[in-house]
Amino acid sequence: MEFETVIGLEVHVQLATKSKLFSAAATTFGAEPNTQACAIDLGMPGVLPVTNKEAIRMAVKLGLGIDGEINYESVFARKNYFYPDLPKGYQISQYELPIVKGGHLDIYLEDGTKKTIGITRAHLEEDAGKSLHEDFHGMTGIDLNRASTPLVEVVSEPDMRSAEEAVAYLKTLHTLVRHLEISDANMQEGSFRCDANVSVRPRGETKLGTRTEIKNINSFRFVEKAINYEVERQINVLNNGDKITQETRLYDSEKNETRSMRSKEEAEDYRYFPDPDLLPIIIDDLFIDAIRDTLPELPQQKFQRFQQEYKLPAYEANTLANNIELAKYFEDTVRHAKNSAKSIANWMLGELTAHINRDNLETIACPVKPQHLAMLIKRIEDNTISGKIAKTVFEALWNKEGEVDEIIANKGLKQITDNTEIEKIIDTIIKNNPKQVEQFKTGNEKIIGYFIGQVMQTTQGKANPKQVNDILQTKLKD
Amino acid sequence: MHTKSIKELSKLLHKKTISCVELTKIFLERMEKYDSKLNSFITVTDELALIQAKNADKRIAENKTTPLTGIPIAHKDLFCTKDIKTSCGSKILDNFISPYEATMTNKLKQAGMILLGKTNMDEFAMGSSNENSFYGHVCNPWNLQNVPGGSSGGSAAAVAAYLTPVATGTDTGGSIRQPASYCNLTGIKPTYGRISRFGMVAFASSLDQAGPMATSAEDAAILLNHMSGFDVQDSTSMQEPVLDYTATLNNSLKGVTIGLPKEYFDENLTTGVAVKIDNVLTELERLGAKLKEITLPHSKLSAPAYYIIAPAECSSNLARFDGVRYGYRCKNPLDLEDLYARSRGEGFGDEVKRRIMVGTYALSSGYYDAYYLKAQKIRRLIADDFKRAYEDVDIILSPTTPTPSFAIGNSSQTPIEMYLNDIYTIPANLAGLPALSMPAGFTEGLPIGVQLIGNYFKEANLLNIAHQYQQVTDWHQQIPEGF
């Protein structure tokens, strides 16, 4: 039987506020344990939460970014359960009335197809602390620095049909929150975490199969691997005539497998109810519009604009638009070389990206700056150097050997464009290769490549290829 | 000296007839001498009190004072006081020293008040007799065999026996007004949101309000002036400006319409109490007030709704007492489950456990709609009843409790009987309205109180009526024998 995969994702995005969701304690990552937890975060008797307005603003920003509906009234609710790193014995979250309702993200797959993924809701909640099981000899350490850090949980519809689509969705959301400057979305530090709901069903079936939830997967690669593993596992279970158990599973990246954590029967009853310590969040159009006015250009809009304004093909436009740093680099470069957008995109997605990946650098740290790339392309276009030689110049720029013109001059890479000089070289080559000349004259026009190669070898690649071709054509036909 | 009003004491302190240190010593000596009979204090902060008194004397010398400078006070042990034990009457917090100060207690500290100690109470404010305390029951100064009421029973007994001029209490379903009634005091639960709840350990967050307990409406008004106000640390506190509650105490009652809800004068009300209330009404009419019978049709649903909402909130509020970060932790826990179960099982008393269980059940999936949501709907109906009533009347008057105080040990027969103590006080909490209890006389040697319920932020009206009544009666000036 052929199966169809159905995936829905729940993503926890940590908001980049300076202080916590319900207290004034700082949110900086990596501080000494329990140095960023105040009486409120510690759940001391008698303390009360006060909502961080910046977190509300950021959540609304996200809502606008996914084209969602902002609820004029949303309510914080308590999710009650006991755990040592949950100081109050409940997590303040949103349940029946989330701040954002509905929305969608368009994703682009590698083959260029576009797909719209529905978003059910996005709600604000506080993070829990961290339990540290190592280093304490049979005891558990608790670090409450992360307690009450603001999160937005973005819940998608079960609209994805493959691990590839799931990763594309995650990457799109990742780019979006970074564009909106509401999260650093650092996956290693846990500021962008993903739970995947996965099920399979016989192709053609409209009812959803029983799902499992894979918890806390912390890289794009693991999301793909975990889902693929889980899909295969579920298909095997069904093919053996067994049933899928609704449960929570944990992905083990070392063994590349998912393992059962707890079944639905063991699931806790969270006893949600509106938090009586907090008033509902009331938002009006004025507030929403003020935030809308501050929205940066979104990746989707950028993608459209790059196609129209710079006439970039869809693939190039999408790749650049979905990476803030690359998009910025691109437009900075275009500013220096107005009519060369297409070449800039090609250079960036080719040579530049290859070098960045090779040296594992951030785009912003790369030694070839936009003005360098712009100048390099200008020198190709004004025939000072050939495209091939340009790669040599790029390598030199990358190694910080100087400015473009400096490198061309110092290395003597300037293109030979003097007709007489090229003719002289060609004459010599024609004289030295009578056999090949004969072949050309008897109809083997492809042999011209051999002559071009000879010229380039003689000139160390500096001769202008077009001129060489033109002159050769004339001389050989003589 | 110890029976004087705040105003009189303040005058004597300012005239330097007596120093704050001397005054403080008088009360500390009285506590030493009499509290063994009452058990009204959990913690006595005598050393701190004397330091604060010394500072207050300095402030008086420098002429930097408020009407409360140098006046001693006791706080219910539910308020977090920095570096002082804050037990909430529970074993689970017996070792808890608060690292921070509650907003309200800090305000009174800043006003120059002197903290004598922290008073006994029903564990986590759950109870109406002060018998649910890890620190033992409190006796009523009017009859040592009787309860002082609860949950602010320690504060009530201490003020009634003049061990402190005033005290603070908290009121979730009547915990200021009922003990005030049982101990012959004036106690007011202000509008929900009038006094910051920051640092007041939560029982039921949507119902809890702090308030003053005093021997007169005037003292209560002076204290309330300094306890009230918006607090950025409490999202449910209100921006409404704070009035000077003493400014209107002497307003005439001419033309004031007092509503008498017929549902409150029901079969639960004992004759002794009913007679006293009639006398109060006669007196108030004589002062110019008009009486009008009204109806609050949903009153009967108050207690059932309250005993869903309050336990539900408490089941969640008390989850933080888990033996992990502070408070009582059981010996040699086997694992996490055992740590939780035994720390909480051994740390909480029976009444607290009962309410946590009721609340947990009421919030469970499948029961939430039938219990919690329905109770919230009833709560709205009750608030609407009051809203309609205040279209016709200025204030509502009722008994505070159906009976005077009862004997210690007698009450705990069934929790339901105990819960019925609160039937007249609960509606004001559910609606968030201000309500006051004032002395209305004695029946068989025991004081009984009458309750005034006002519209939102009409604390001044309540205090005005109580003060006017206290100008023509002397119930509130009676002193229990032996104190």
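Convention: sequence-line order gives letters A, B, ...; per-chain numbering from 1. Just so we're clear, the structure is a prediction, and the values are computed from it rather than from any experiment.
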### Query
With a 4.5 Å heavy-atom cut-off, do A/Ile40 and B/Phe198 have their side chains touching?
yes
### Query
NZ/A/Lys88 to OG/B/Ser316 distance, rounded to the nearest 0.5 angstrom?
9.5 Å
### Task
Check whether more than 12 heavy atoms from other residues, nucleotides or ligands sit under 6.0 Å from atom CD of B/Glu346, and answer yes or no.
yes
### Query
Which answer fits B/Phe79, side chain, backbone, both or neither, if we ask what part of it has an atom under 4.5 Å from a heavy atom of chain A?
neither
### Message
Do A/Tyr272 and B/Ser365 make a side-chain contact, defined as non-hydrogen atoms from C-beta onward lying under 4.5 Å apart?
### Response
no
#### Entry: Interchain contact, A/Asn80 with chain B, by part (heavy-atom threshold 4.5 Å)
side chain
### Nearest heavy atoms of B/Arg197 and A/Pro276, plus distance in Å
NH2-O, 4.1 Å
### Query
In terms of heavy-atom contacts, does CZ of B/Arg344 have more than 12 from other residues, nucleotides or ligands at under 6.0 Å?
yes
### Message
Are more than 12 heavy atoms, taken from residues, nucleotides or ligands other than A/Glu32, located less than 6.0 Å from that residue's CD atom?
### Response
no
### Query
Where is the tightest heavy-atom contact between B/Glu313 and A/Arg78, given as atom of each residue plus distance?
O-NH1, 4.2 Å
### Query
If you count heavy-atom pairs under 4.5 Å with chain A, which of B/Tyr368, B/Phe96, B/Phe321, B/Tyr326 comes out on top?
B/Tyr326
### Query
Got a second to check how far B/Ser235's OG is from A/Leu279's CG, nearest 0.5 Å?
6.0 Å
### Message
Parallel, tilted or perpendicular, judged at 30° and 60°: which one describes the rings of B/Tyr372 and A/Phe273?
### Response
perpendicular
### Message
Under 4.5 Å from any heavy atom of chain A, what part of B/Tyr367 do you find: side chain, backbone, both or neither?
### Response
neither
### Query
Does a sphere of radius 6.0 Å around NZ in B/Lys374 hold more than 12 heavy atoms from other residues, nucleotides or ligands, not counting ones at 6.0 Å or beyond?
no
### Task
Name the region of A/Tyr270, side chain, backbone, both or neither, that has any atom closer than 4.5 Å to a heavy atom of chain B.
neither
#### Entry: Toward chain A, the part of B/Tyr361 with a non-hydrogen atom under 4.5 Å
neither
### Within 6.0 angstrom of A/Ile282 CD1, more than 12 heavy atoms from elsewhere
yes
### Query
Can you say whether B/Leu318 sits under 4.5 Å from chain A via the side chain, the backbone, both, or neither, judging by heavy atoms?
neither
## Note on the structure
A/Tyr83 and B/Tyr340 have their tightest heavy-atom pair at C-OH, 3.0 Å
### Query
Which region of B/Thr103, side chain (C-beta onward) or backbone (N, CA, C, O), has a non-hydrogen atom less than 4.5 Å from a non-hydrogen atom of chain A, or is it both or neither?
neither
### Criterion side chain to side chain contact (heavy atoms under 4.5 Å, CB included) on A/Ile142 and B/Arg325, from CA distance to verdict
CA-CA 9 Å; A/Ile142 297 166; B/Arg325 296 168 316 287; 5.9 Å; no
## Note on the structure
Ranked by heavy-atom pairs below 4.5 Å to chain A, first place among B/Thr360, B/Val324, B/Thr86 goes to B/Thr360
### Minimum heavy-atom distance A/Met44-B/Arg320, with the two atoms named
O-NH1, 2.8 Å
### Query
Should the heavy atoms of other residues, nucleotides or ligands under 6.0 Å from OH of A/Tyr95 be counted, would the total exceed 12?
no
### Task
Heavy-atom pairs under 4.5 Å with chain A are the metric here; pick the option from B/Thr236, B/Leu78, B/Asp322, B/Leu207 that has the most.
B/Thr236
### Task
Taking B/Tyr100 for its side chain and A/Val47 for its backbone only, find out whether a donor-acceptor pair lies under 3.5 Å.
yes
### Message
For a 4.5 angstrom cut-off between non-hydrogen side-chain atoms, does A/Tyr90 reach B/Ser315?
### Response
no
## Note on the structure
Minimal heavy-atom distance between B/Ser364 and A/Asp269, with the atoms involved, is CA-OD2, 3.4 Å
